Amino acid sequence: MTVAMSILLLVLLSLITVSIQSSRIACARTQAVNSIDTGLYSLFSEYDRELLERYNLFFLDSSYHTGTVQISQVLNHLEDYMRPVLGSGLTKCTVKICAADGFRIASDESGAAVKKQIIRYMKENLGNVGAETLLKKTEKEKQVLEEQDNIKNSGIEEMNSEEAVPMPEISETNNPLEIIKSFKENGFLSFVLPAGINVSEKTVDLSALLSNRERQQGMGEFPELEMEEKVTDKIFIQEYAFEKFKSFTDGAEEPLSYEMEYLLGGENNDRENLSSVVKKLILLREISNLAFLYSNPQKRGEIAACASALSFLLLIPEGMTFVEGVLAAGWAYMESIADVKILLSGGCVPLVKDTDSWKTQLSNLRADIETSAEKGIDYEEYLRILLLSVSEQKLMMRIMDMIELNLRQEEGKENFAFDTCIDAVAVSFQIAGPEKKVWQAERMYSYDM
């Protein structure tokens with residue numbers, strides 16, 4: 001009996017020992033997996049707080065304020081976060097290898113990671129329905145402008161010069177052609193600025209910004225993070241820009257005061273960016289205004305009357321038809337100057353003019369224009385229309401330029417750069433456990449997960 005019991009106890013002890021050993025190894029393996037997950041979660045909790053608070057973007061600054069990607073430092077931080085978990089309990093494990101198989105930089109593929117986060121954020125705020133509404137509104141405005149352009153391209157309807165009664169106000173001292181020429185020669189910016197407003201003279205170094213410097217690149221591919229392109233994407237990006245940046249009518253205390261204008265102009269100073277936008281607005285309004293002049297009988301009659309007076313004044317009655325065309329173009333230009341001044345003053349201008357919304361008088365082009373108009377769409381809405389001509393790629397790069405520029409004003413963030421920020425990483429591990437066990441694992445982590 002004693003021998004039998006001894007043999008049985010030996011068998012039982014062997015089973016218990018094997019069970020304990022297996023449990024210890026299984027526990028160690030679970031511990032290793034937990035350490036990887038904990039390490040990655042903790043690593044990505046180091047996201048840039050200012051970038052999140054100001055621009056709602058999740059990115060890890062892998063440069064650690066040095067200005068260059070420090071992927072070895074990222075891996076060191078990851079191992080540091082893993083060690084407390086690996087060293088806890090009865091089963092001690094150690095990291096043998098922790099290597100980066102790939103990482104995605106914020107600026108890779110023209111800011112694909114930034115774009116994805118912007119769209120995700122704006123969907124939460126604006127929603128798909130809101131984006132669809134804005135898209136339809138934009139398409140409608142675009143269609144209206146195309147119709148106006150077609151009217152303009154059709155030319156002015158020729159009038160019978162014999163029926164035109166000369167405009168009595170026209171004289172050598174009140175010659176619309178000379179007034180228009182003077183406006184064009186002296187530049188347009190000074191004429192469109194609201195009274196008492198000076199143009200910002202701020203200048204920045206564009207060579208230091210993302211869109212102009214040589215960028216650092218990520219490593220590896222992340223097909224699971226790719227996003228399907230949709231027609232509403234640019235609407236979301238535009239609305240994000242309007243939410244985060246200021247324009248001329250808002251005023252900003254940032255390195256560039258006219259941030260939205262930079263997205264359109266891309267110049268290194270506020271004056272040139274504003275001039276670029278104003279020039280585009282004048283051209284946009286000139287097309288619409290010329291179309292109105294061509295299609296409105298009353299205005300065509302005024303043009304014919306003025307042309308008749310000028311033809312006799314200039315002693316070229318046979319050139320009346322040519323003078324009519326020049327007058328129409330010049331009058332549309334002067335009306336556009338008035339329109340842009342209204343917009344920069346905070347007023348509204350309709351896309352398509354009518355008699356009530358027309359401001360200038362051909363017989364007195366020097367007259368002051370009332371700038372407190374409320375009918376139509378405002379400056380911001382016109383900027384939305386102008387942004388249609390900016391490619392999505394260029395818009396994304398300039399948005400990142402502005403974010404870089406603004407964040408670099410924060411203490412301790414003088415070297416902030418999007419091409420050192422990561423949002424995804426793929427890592428390979430080798431972890432040594434008890435009984436000389438070695439486990440291998442691969443993990444991919446992203447803020448999109």
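Heads up: numbering here begins at 1 and tracks the sequence. Nothing here was measured: the structure is a model prediction, and the numbers come from that model.
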Measure from the side-chain N and O atoms of [X] to the backbone N and O of [Y], and report whether any donor-acceptor pair falls under 3.5 Å.
X: Q31; Y: K92; answer: no
X: N212; Y: S207; answer: no
X: S446; Y: D423; answer: yes
X: S345; Y: K341; answer: yes
X: K115; Y: E392; answer: no
X: N153; Y: D149; answer: yes
X: N273; Y: N269; answer: yes
X: Q143; Y: T138; answer: no
X: K280; Y: L264; answer: yes
X: D401; Y: L210; answer: yes

Verdict with reasoning, E201 to R271, per salt bridge (charged side-chain N to carboxylate O under 4.0 Å, His left out): CA-CA 6 Å; E201 300 295 344; R271 176 175 286 275; 2.7 Å; yes

Does a donor on one side chain sit under 3.5 Å from an acceptor on the other, for [X] and [Y]?
X: D61; Y: T420; result: yes
X: E335; Y: T360; result: yes
X: T68; Y: Q70; result: yes
X: Y121; Y: E243; result: yes
X: S247; Y: D250; result: yes
X: T203; Y: N268; result: no

If every non-hydrogen atom of [X] is compared with every non-hydrogen atom of [Y], which pair is closest and at what distance?
X: F429; Y: C98; result: CE2-SG, 3.8 Å
X: L365; Y: W331; result: CD2-CD1, 4.0 Å
X: R29; Y: W439; result: N-CH2, 3.6 Å
X: A106; Y: F418; result: CB-O, 3.4 Å
X: A328; Y: L293; result: O-CD1, 3.4 Å
X: Y379; Y: L343; result: CB-O, 3.6 Å

Verdict with supporting geometry, L193 and V199, side chain to side chain contact (heavy atoms under 4.5 Å, CB included): CA-CA 8 Å; L193 289 175; V199 178; 3.3 Å; yes

Trace of the salt bridge (charged side-chain N to carboxylate O under 4.0 Å, His left out) decision for E239 with R384: CA-CA 9 Å; E239 292 310 303; R384 281 187 174 87; 2.7 Å; yes

Is the closest basic N to carboxylate O distance between [X] and [Y] below 4.0 Å?
X: E404; Y: R408; answer: yes
X: R104; Y: E221; answer: no
X: R285; Y: D339; answer: yes
X: K142; Y: E147; answer: no
X: E259; Y: K244; answer: no
X: K202; Y: E254; answer: no

Distance from [X] atom [atom1] to [Y] atom [atom2], nearest 0.5 Å?
X: M400; Y: C421; atom1: CE; atom2: SG; result: 10.5 Å
X: L189; Y: S275; atom1: CG; atom2: OG; result: 4.0 Å
X: I422; Y: S62; atom1: CD1; atom2: OG; result: 5.0 Å
X: S211; Y: L206; atom1: OG; atom2: CG; result: 6.5 Å
X: D108; Y: F103; atom1: CG; atom2: CZ; result: 8.5 Å

Does atom [atom1] of [X] have more than 12 heavy-atom neighbours, drawn from other residues, nucleotides or ligands, at distances under 6.0 Å?
X: K96; atom1: NZ; answer: no
X: E224; atom1: CD; answer: yes
X: Q73; atom1: CD; answer: yes

With the side chain counted from C-beta on, respond yes when [X] and [Y] share a heavy-atom pair under 4.5 Å apart, and no when they do not.
X: I431; Y: L86; value: yes
X: K299; Y: W358; value: yes
X: M402; Y: Y262; value: yes
X: V352; Y: Q148; value: yes
X: Y55; Y: L407; value: yes
X: I282; Y: V278; value: yes
X: E380; Y: T249; value: no
X: L263; Y: V390; value: no

Intermediate values then yes/no, salt bridge (charged side-chain N to carboxylate O under 4.0 Å, His left out), K375 and D354: CA-CA 11 Å; K375 181 181 177 183; D354 56 25; 2.6 Å; yes

R120 vs E124, salt bridge (charged side-chain N to carboxylate O under 4.0 Å, His left out): CA-CA, chis, key distance, verdict: CA-CA 7 Å; R120 182 178 61 191; E124 293 174 358; 5.2 Å; no

All N/O donor-acceptor pairs, side-chain side in residues 36-49, below 3.5 Å, sequence neighbours left out:
| from | atom 1 | to | atom 2 | distance (Å) |
| --- | --- | --- | --- | --- |
| T38 | OG1 | N34 | O | 2.8 |
| S42 | OG | T38 | O | 2.8 |
| S45 | OG | S42 | O | 2.5 |
| E46 | OE1 | Y64 | OH | 3.2 |
| E46 | OE1 | H77 | ND1 | 3.4 |
| E46 | OE2 | H77 | ND1 | 3.0 |
| E46 | OE2 | Y81 | OH | 2.7 |
| D48 | OD1 | E50 | N | 3.2 |
| D48 | OD1 | L51 | N | 2.9 |
| D48 | OD1 | K413 | NZ | 3.3 |
| D48 | OD2 | K413 | NZ | 2.4 |
| R49 | NH1 | S45 | O | 2.9 |
| R49 | NH1 | Y47 | O | 3.0 |
| R49 | NH2 | S45 | O | 3.2 |

Worked check of side-chain hydrogen bond (donor to acceptor under 3.5 Å, both in side chains) between D419 and S107: CA-CA 5 Å; D419 57 338; S107 58; 5.2 Å; no

CA sep, side-chain torsions, deciding dist, call: E253, K246, side chain to side chain contact (heavy atoms under 4.5 Å, CB included): CA-CA 9 Å; E253 298 301 323; K246 304 294 184 182; over 6 Å; no

